[in-house]
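First comes the structure, then the notes that go with it.
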Protein chains: 2
Amino acid sequence: MNIAELLRSNGYKVTPQRLAVYDAIDHNMTHPNAESIYQQLQPQYPSMSLATVYKTMEIFAKIGVVKILQCGEDAHRYDYNTSQHAHIRCVKCNRVLDVDIDEGQLARQAEAQTGFSVSGVSLSFLGVCKDCQEAE
Amino acid sequence: MNIAELLRSNGYKVTPQRLAVYDAIDHNMTHPNAESIYQQLQPQYPSMSLATVYKTMEIFAKIGVVKILQCGEDAHRYDYNTSQHAHIRCVKCNRVLDVDIDEGQLARQAEAQTGFSVSGVSLSFLGVCKDCQEAE
DNA sequence: GTGACTGCAAAGGGTTTGCATCGTT
DNA sequence: AACGATGCAAACCCTTTGCAGTCAC
């Protein structure tokens, strides 16, 4: 199911803005925040507003197109890869990379231990990446 | 080493406000945020400001007296327990509990996988606690 | 006495909201 | 034609900052 069908089937309209935002994040490995998506779209869609980016990302999160990340920054980041994996951010260059640790397994541990019914997991690391280590 | 010595040995002055904030968080299992620490201190220290709570917690984090938690809320929470463990928040009642999963081990996995030098880990879960499940 | 700390109020950053207009269906 | 979406600006929440007065040392 493509993004247009996915929007329509969830009762949302298909607009140029939504398609543009989708193009900006689809297979985008940089884990961008709202501001950087906005900047990226400026040249081609100069009338697009930051508020629309936020509203669109909220819908995308709701219909399972993106995941919202909290990587220890002020701003949220967005990940087109919605599988349960961890993230690591370099405190020098602010890059965020994927880490292949299964959050689902950790969630099951937490459920067993606490009796909670778990609906969300967030695992993130901070550190200095290889490049920045070598640059020192 | 008690809190007064710890402050002095790190070059900070020992003030009534700092001691009061310490009392409010020491062995406080509720993982309070700044606002709730402020509220808790209001009756006994009516002149204490929220800004002082923030400034104090920043110092406490720096000297290793508390850890700053991000549990998927807007506001930070503070944990007097600085050992490497996870947290789980109930989305109904907003309680935050400890989860005994070793973040240090996960950090070593992340280092092995990415080549980062890891300096921070954050593992948190969202869900519905036992009490709130039963209340439904 | 001096430099750090406090409390106040204002500023700041990211995100959300209200509303008039516009566009998809 | 109807109603949801957009874009703008203002509001919002949490946190930080500037500064004059105060206090620990």
Side-chain angles (χ1 to χ4, degrees), chain A residues 2-22 24 31-39 41-42 44-63 65-78 89 94 96, chain B residues 2-22 24 31-39 41-42 44-63 65-78 89 94 96:
Chain A
N2 65 29
I3 186 63
E5 292 168 0
L6 206 49
L7 282 167
R8 257 192 286 266
S9 70
N10 281 276
Y12 298 107
K13 290 184 176 168
V14 178
T15 67
Q17 288 88 341
R18 286 174 183 168
L19 298 177
V21 170
Y22 184 77
H31 309 87
N33 59 22
E35 178 66 28
S36 76
I37 293 167
Y38 172 69
Q39 293 298 340
L41 294 174
Q42 271 306 96
Q44 216 176 337
Y45 303 88
S47 74
M48 158 113 42
S49 76
L50 185 54
T52 296
V53 175
Y54 278 111
K55 288 167 183 164
T56 302
M57 299 309 308
E58 197 181 317
I59 290 172
F60 282 2
K62 210 171 290 179
I63 65 180
V65 169
V66 298
K67 268 176 88 170
I68 300 176
L69 308 182
Q70 228 313 327
C71 297
E73 293 171 302
D74 290 343
H76 300 148
R77 287 173 177 250
Y78 302 96
R89 177 167 64 88
N94 270 328
V96 171
Chain B
N2 66 28
I3 186 63
E5 291 169 2
L6 206 48
L7 282 167
R8 257 192 288 265
S9 70
N10 281 277
Y12 298 107
K13 290 186 175 169
V14 177
T15 68
Q17 288 89 341
R18 286 173 184 171
L19 297 177
V21 170
Y22 184 78
H31 307 87
N33 58 25
E35 178 66 29
S36 75
I37 293 166
Y38 172 68
Q39 293 298 340
L41 294 173
Q42 271 305 97
Q44 217 178 333
Y45 303 87
S47 75
M48 158 114 43
S49 77
L50 185 54
T52 296
V53 174
Y54 278 109
K55 288 167 185 165
T56 302
M57 298 312 306
E58 198 181 316
I59 291 172
F60 282 2
K62 209 171 291 181
I63 65 180
V65 169
V66 298
K67 268 176 86 169
I68 300 176
L69 308 181
Q70 226 312 325
C71 296
E73 294 171 300
D74 290 344
H76 300 148
R77 288 173 177 252
Y78 302 97
R89 177 167 63 90
N94 270 328
V96 171

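These numbers come from the heavy atoms of this one structure, side chains and all, not from hydrogens, waters or symmetry mates. As the structure is a prediction and not an experimental result, all values here were calculated from the model. Lettering of chains follows the sequences in order, A, B, ..., and the numbering in each one begins at 1.
- In this model, the phosphate group of D:dG7 is approached by a side-chain N or O of A:Gln17 to a distance below 4.0 Å at OP1 or OP2.
- The shortest side-chain heavy-atom distance between B:Ile68 and B:Met57 does not fall under the 4.5 Å cut-off.
- Judged purely by atom type and a 3.5 angstrom limit, A:Asn2 uses its side chain to pair as donor or acceptor with the backbone of A:Ala4.
- Taking only side-chain nitrogens and oxygens, A:Arg18 never comes nearer than 4.0 Å to OP1 or OP2 of C:dT24.
- Atom-to-atom, CD of B:Gln70 to C1' of C:dG14 comes out at 13 Å; the value is rounded to the nearest Å.
- To the nearest angstrom, C1' of C:dT6 lies 14 Å from CG of B:Leu41.
- Taking side-chain N and O atoms only, B:Arg8 has a distance below 4.0 Å to OP1 or OP2 of D:dC25.
- The side chain of B:Ala75 lies closest to D:dC14, out of D:dC14, D:dG7, D:dC25.
- For C:dG14, the OP1/OP2 oxygens have no side-chain nitrogen or oxygen of A:His76 closer than 4.0 Å.
- Taking the nucleotide of DNA chain D with the nearest heavy atom to each of B:Tyr12 and B:Glu35, the more 5' of the two is matched to B:Glu35.
- You'll find the side chain of B:Glu73 reaches within 4.5 Å of the side chain of B:Asn94, heavy atoms only.
- Between the OH atom of B:Tyr54 and the C1' atom of C:dG13 there is a distance of 14 Å, given to the nearest Å.
- One can place CD of A:Glu73 at 13 Å from C1' of C:dG13, the figure rounded to the nearest angstrom.
- Annotation: side chain of B:Leu7 is in contact with side chain of B:Ile59 (closest heavy-atom distance under 4.5 Å).
- Donor-acceptor pairing under 3.5 Å, judged by distance alone, is present between the side chain of A:Lys13 and the base of D:dC3.
- Here A:Thr52 reaches the OP1 or OP2 of D:dG7: one of its side-chain N or O atoms lies under 4.0 Å away.
- Between the CE atom of A:Met48 and the C1' atom of D:dA5 there is a distance of 12 Å, rounded to whole Å.
- Atom OH of A:Tyr38 is separated from atom C1' of C:dG13 by 16 Å (rounded to the nearest Å).
- Residue-level contact check: A:Ala51 touches the bases, meaning some heavy atom is under 4.0 Å from a base atom.
- Per the geometry, NZ belonging to A:Lys62 stands 10 Å off P belonging to D:dA5, to the nearest Å.
- Judged by distance alone, with hydrogens and angles left aside, A:Lys55 brings no side-chain donor or acceptor close enough to the base of D:dG4 to form a pair under 3.5 Å.
- Of all heavy-atom pairs between B:Arg77 and B:His31, the closest is NH1-O, 2.9 Å.
- In terms of position along DNA chain D, the nucleotide closest to A:Pro16 lies nearer the 5' end than the nucleotide closest to the other residue of the pair B:Thr15 and A:Pro16.
- D:dT6 atom C1' lies 13 Å from atom CG of A:Leu50, rounded to whole Å.
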